[in-house]
Each structure stands twice: as C-alpha cells, then as structure tokens.
2 protein chains.
Amino acid sequence: MENATINLDARARTLLRTLIESYIRDGQPVGSRTLARTSGLSVSAATVRNVMADLEDMGLIHSPHTSAGRIPTPAGYRLFVDSLLEVRNPSPEDIRAIQSGFDPSASTQDLMDATSNLLSRVTRMAGMVRLPRHRNVALSQIEFLRLGEGRILAILVIDGKEVQNRVLELDRDFSQDELQRMANYLNAHLAGKSLHAVRAELLREMRDVRDDLDAMMLAAIDLGEKAVGDEDPDDVVVAGQTHLLGYEELADMARLRQLLEAFNEKQEILGILDQCIRGDRVQIFIGRESGLDWFENCSVVTAPYSVDGEVVGVLGVIGPTRMSYDRVIPIVDVTARLLGSALGDHPVDDSK
Amino acid sequence: MENATINLDARARTLLRTLIESYIRDGQPVGSRTLARTSGLSVSAATVRNVMADLEDMGLIHSPHTSAGRIPTPAGYRLFVDSLLEVRNPSPEDIRAIQSGFDPSASTQDLMDATSNLLSRVTRMAGMVRLPRHRNVALSQIEFLRLGEGRILAILVIDGKEVQNRVLELDRDFSQDELQRMANYLNAHLAGKSLHAVRAELLREMRDVRDDLDAMMLAAIDLGEKAVGDEDPDDVVVAGQTHLLGYEELADMARLRQLLEAFNEKQEILGILDQCIRGDRVQIFIGRESGLDWFENCSVVTAPYSVDGEVVGVLGVIGPTRMSYDRVIPIVDVTARLLGSALGDHPVDDSK
DNA sequence: TTTAAGCACTCGACCGAGTGGAGCGCTGAC
DNA sequence: GTCAGCGCTCCACTCGGTCGAGTGCTTAAA
C-alpha cells in the first residue's frame, strides 16, 4: 500500500491534489466532471473516472455513497500534506496579526496565553501551547517559609522571573532559623546551576554527611524538580476550543463532547504534543493516526519552538481534518519562531 | 399581569404544576387530554382546555403552534419555582456522592475545584463556584524576596494555608536586608489582623512618619488587597461545561458557542453569581431574566455559602431551563452547606 | 495500451399530495 | 361552572415521482 502511493504518476498526483484542494475549499464531494474541468489537465471526465477508480483502490479517496463524488480518506490527506501540498506564504494581515501578538516583556505564562489565543484567533481553530520544559534551566533563588507544624512553603525563583511555590508536608518540624540557614546554604551552592546538576551534587554530599538537614534539602530539590518537571497537566495551555463548534463536519454532539472534554483534561492533548516534540519542523497528525477515536475528523498541526537553538516546547492548532493546510502550516511555523525568539529575550536583562 | 398570577385558584395551580412537571420529565408539549388524566383532578379534558386558555392569556404557557400541546413560558417557570414547586429530599446516593466529595484538609483552591466538579457530576450540568471573598480574612505572614533591580516578590500567607505571590515593580531598589526588616515589622504588626484593618493602620502611621519604607509597606498591602480582592476573573471556577452539549434544547450551535465562550471568559458568569450573593437561600435565574441573550433556554440555580455565619461566596449550576428543579435545588443547597462547613475547618488547627 | 465517448444505472435531494393523529376552540346542553 | 361533541388546524410521516449528479462499464478510436 505504501509503495502504491509512490507509483502515482504525475497526472494522478495532479488530480488527487486538485480533488483535495477542491474538497477542502467547498466541503462537497468532487465528481469526475468538475475535476476534469478544474484540474488544468486536458483530459475528459471519463479518463478522470478511471484514475479516480485507481485512487480509490489505493485507499486514497472514497465516495460516501454510490454516485456521489469522491472525498479524501485519511490516507489521502496524509499523502497530500506529505508530498502534494504547496504552502502559501502567510498573508500580510496574518503576519501583522501574529507579530502584534507578541510582547517580549510579558511573563512566560502570559506569553503562552497570548500565543495560544493568537493561534486560535488567526486560524479560527483551537490553539495550544506546550509550556517550555525547564530541563536545564537555572534556579536563581530558593526560600523556605514555615507555615505551621511540619508544613513548609518552598519558593523557587527560576531564571529570575518565574516563581513557583509548593507546600511541603514533612515529618520533622524545622524552625524558621533552620530554614533560613538551609536556604542560605542552598542559594550559595546552586547559584545559576541547573536543577539536575544541583540534585546530583546534593546526592554526592549526602553520602558523606548524613543528617536531617541534607534530607530536607534533598526534599526541596525533589520538589523543585517536580515543580518545573514534566507531566504536570497544567503544562499545556489551550484557547479557542469554541471555534470547533462552527465546523459542521464536527457537528456530532457525542464526539464534540469527547473533544471538548479532552481539552479540559489536557492529558491526551499533552500526549499528542509530546509525540510531536521530536522533529524540528511542522508536523501534522491526521484523524485517528494518534489512536484516539474522539479524534476522528480532526487534525493537528504542530511545530516545536526553540530557545538558543534548543527545542523547549511545542505549539499548534487543532481543527477539522478538512482545513486549509496551506494557510495553517505557515502560520503555525512563524508563530513557533516568534515565540522562540520572544522567550529568548529575558525580561530580566532588559528591565528598565 | 403580576397580580393575575396571584388570582390563580387551586385547580389552575395544580394543572400548571402538573403540566410543567410533565414537560420537564418528557420534553414534549402537554395536551389537555393527558393533563386531565395525570393531574389527579376529576375534570374533563374540555375543562382543562378552558383553564389552559386562561393560563395562556396570563402568559404562563404557550403552544409552539396551533394544535400542539402547551409548554411553559419563562414566566410559567418563574411561578412554578417560586410557589408551586415541592422540592424532594436529595436521594441517598446523591447525598453520599456529595459528602464523599469533600476533603476538609484540602486547600481552598482544591476544595473549589472538587466542589464544582461534584456539582456538575451529580446534576449532569455545568457546576460553578465563586471563590470566597477574603474580606475579613486574616493575613498570617508576609515575606519579600528581591528578584532584581527594583523587582520584588511579595508572598502572602493567608489563614495559614493559602499562599499568594505577586511581583512588584518599584522605582526604588531595596536590599534583601531592608526587605527582611520590613517583613519583620509587618509580621509583628499585622499578625492575625484582616487586610482592611492592616491597611487602615498603615495609612494612619504614614501620616506621621513619611518615609520610603512606609510607602513600600503600603504598596505591599495594596498588593495584598489586590491579590485577594474582588473582580479577579479567576475568581470563579467552572466544571462540566460539556454536559450542556447533551441537551437537545441547547443544540443550536451558535448559541451553544456563545454559552461556552461565556464560561471561558468567566466575566458574565461572575456577574450572574454576584447578583445572587445577596439573599440567604437558593436563588434561581430563568432564561433571559439576567438580560443576557445567550442565556435563552438556560437557567441557573445558586446558593450562597457561609463560614461562621457570614456569606463568603456563591455556588451553583447552570443547565437547561427544562431541568428537574426539585432534584437540583436540594443538591445545590446541601452542597453549599457542606462547602461552608468544610471551609470552616481550618486545616492548620487540626493538622496532625 | 491509453483515451474518450456513450449509455444505463444508482442514489440522494426535492417536491407535492395524501393520511393519521393530536390537540385546540367553540357551542350548546345540563 | 362543567363537559361532551364537533369541526378545524397543524404537524409528522409516508409514498411516488422527478431531477440531477455521478458512477461503472462497454466500446471504439488513437
């Protein structure tokens, strides 16, 4: 089957491309006559029918019923986006809309919100942004606050601008003085190092001086790792889900509900995005390819974004499989680039 | 018109009640024959028709077209919930489901999330909880952290369990030592006092000793007020919006989209809930009563919840106007009570 | 072998007429 | 005031027929 797609001659490819473009534009099954007229080829409708029969055998198109036109199958879309599609350059107004959406002085969280809003507004589909993984991010400060018996608040300042805090429940009680000393110790040792490095260092020291203080520090670092680590369900921000209600190919209430619930849970969205994080360019998921059945008739277009040459996250849109890939792909692409460079400008450096 | 509703005799009231109950159950227009049979009254269908004509004149019911049965108008629902409705006691399994949803040791945020989830799960509609106003809440601790030139992180611990932090941008730079002193001063003075009281006290002091330190403290308190204050759009948590996709009376995509967008914006939801915060019992909004046109065919059922006898917030559900008020009202009611008492148990007091 | 023309066929969309049933309003008797 | 009966209205459903788009197949030409 996979080889069969390679065997497509130029004419068949042109016809398939024209058919899919036409279907994406109008949403109507395409018949042989219209296809023969619009393809630009000088062939008759009958010939087109023969080619279409071949394409149908290969599983690239199918008719919803006898004597209707043909519509692309998921496999047809796949071939289309992989090797038939010619992406347009983004239109000037799209570019303007995207560029004006970035405020490099905003906090990371605000930047994520703005970006997913942007994606959804420009594409009129649902936008999503996977938050940057702070894998090798520098912890610039850590503080502890005693809340009560055995309850301690840990405050982590990351890169001098992000703040995260968590409550630790401990067996042993620490006085505020002890906590202050521990924080001083940690701040002295971890200045500018990544969480991973700090953790390794602490583990090494612990082997020597085994006491509660170190256990506490280790706990703090563990917490730090968890706070900025992976698989936090809040690690993806979504916007514009409601746009999906407008597409009549998604009008099935039961499926629509599954879809919106997936956005609320975020877990499955996260899974999809994480699949896309490898690969350095735009990636596309079509229909059930991801194995999720609520995903029928939907596609995602994603692109990773990088800071200083390292991929730190993914963003993308989700919409009906019948979408204008030639418009959406470049939008997602340049948004990813702009987000990357906006993240690269640390507001700490240029504050005031 | 309003007086007319008062003039309803017992028989007309019984018929109206039976009609609305029947329509809520089946979703079908109710005809005179069925109504005569099910009302329990020993009157003929023809008599029922006469009464129905009167009710229609009063604007309480109407027929979707000639020679269909009657369905309640918003005014009919209004009269129904105000004076015709007999609420059931919540069913045992509902009670169990509600009670098991409360974990008094959870943080306020978690409690809100759990409660709105609970409401939506039990009623199969959308649940929402307006976060408690911390009007007179005690600030138990405040700390400052220097992030960079003129950038300070303020950490507020409220009631010994809530933590809020905000970044302050200031004109003047403070050293960590200065900040520490300020925090110590503040902590010594505001221990256990409410934000309002603290603010008033600071303003009084400032009139005497006018220096930058006090300005800073005032800024910190201002921030504190803002952090826990009102009109933060995140002040309401919503859950289970997708349940609304299942009701065919809300199946109009355009309206449905407006509805879901209102849930995302939260602003209008907030407005509705704030209207309900006065009044000490369950309140009900029906259809367009709130002036929002996306609200057609929808109703809200809300109840305020109190801690130590003082109303601190509102919770409720939103669903189709054609809902089982007799089931939903008690559910909302007991949920509000339970949330209030769960909030009353401070986890600090009974920790460990 | 490829291309194209013709033809029969299929299927959905649409329209109009006909039918059954639910339900209403009205009238007149009690 | 009550209510049985009658005629009427309107909806929902079905049935048959037509139209148009589109297909598959066959056949003939290039």
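Reminder, nothing fancy here: chain letters follow the sequence lines and each chain counts from 1.
Applying the salt bridge (charged side-chain N to carboxylate O under 4.0 Å, His left out) rule to pairs touching residues 83-95 of chain B yields B:R88-B:D326, B:D94-B:R327, sequence neighbours excluded. Sorted by first then second residue, the salt bridge (charged side-chain N to carboxylate O under 4.0 Å, His left out) pairs that include residues 239-251 of chain A, not counting sequence neighbours, are A:E249-A:R322. Contacts classified as salt bridge (charged side-chain N to carboxylate O under 4.0 Å, His left out) and involving residues 71-83 of chain B (residues at least two apart or in different chains) are given here: B:R78-B:D82, B:R78-B:E289.
A:T302 is linked by a side-chain hydrogen bond (donor to acceptor under 3.5 Å, both in side chains) to nothing, counting only residues two or more places apart in sequence or in another chain. Evaluation of the side-chain hydrogen bond (donor to acceptor under 3.5 Å, both in side chains) rule for B:S44 yields B:T47 as partners, not counting sequence neighbours. Applying the side-chain hydrogen bond (donor to acceptor under 3.5 Å, both in side chains) criterion to B:T18, with sequence neighbours excluded, gives no partner residue. Under the side-chain hydrogen bond (donor to acceptor under 3.5 Å, both in side chains) criterion, A:Y325 pairs with A:S299, not counting sequence neighbours.
Within residues 246-253 of chain A, no residue places a heavy atom under 4.0 Å from DNA chain D. Taking every heavy atom of residues 63-73 of chain A and every atom of DNA chain D, pairs under 4.0 Å involve A:S67, A:A68, A:G69, A:R70, by number.
A heavy-atom distance below 4.5 Å is found between the side chains of A:F295 and A:V300. A:M128 is not listed as a side-chain neighbour of A:L119, based on a closest heavy-atom distance of 4.5 Å or more.
A donor-acceptor pair is defined here as one N or O able to donate and one able to accept, closer than 3.5 Å; such a pair exists between the side chain of B:T321 and the backbone of B:C298. Looking only at distances, a side-chain donor or acceptor of B:T73 sits under 3.5 Å from a matching main-chain atom of B:L60. B:R255 places a side-chain N or O within donor-acceptor distance of the main-chain N or O of B:D293, the cut-off being under 3.5 Å. The backbone N or O of B:V30 lies less than 3.5 Å from no partner atom in the side chain of B:T34, so there is not a single donor-acceptor pair.
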task: For A:E261 and A:W294, run side chain to side chain donor-acceptor pair (under 3.5 Å): C-alpha distance rounded to whole Å, both residues' side-chain angles, the deciding distance at 0.1 Å, then the answer.
output: CA-CA 10 Å; A:E261 251 156 29; A:W294 52 265; over 6 Å; no
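If one axis is set at each end of the helix from C:dT1-D:dA30 to C:dC30-D:dG1 from five pairs, those axes are 20° apart, to 10°.
A 4.0 Å heavy-atom criterion places the boundary nucleotides of DNA chain C facing chain A at C:dT3 to C:dG12, written 5' to 3'.
In this structure, B:L41 places its CG atom 16 Å from P of D:dG1, rounding to the nearest Å.
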Which atoms of nucleotides 3-5 of chain D (N or O only) lie under 3.5 Å from a protein N or O atom, and what are those distances?
unit_1, atom_1, unit_2, atom_2, d
D:dC3, OP2, B:S44, N, 3.3
D:dC3, OP2, B:T47, OG1, 2.9
D:dG5, O6, B:R49, NH2, 3.3

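Salt-bridge check for B:E21 with B:R25: failed, with every basic side-chain N at 4.0 Å or more from each acidic carboxylate O.
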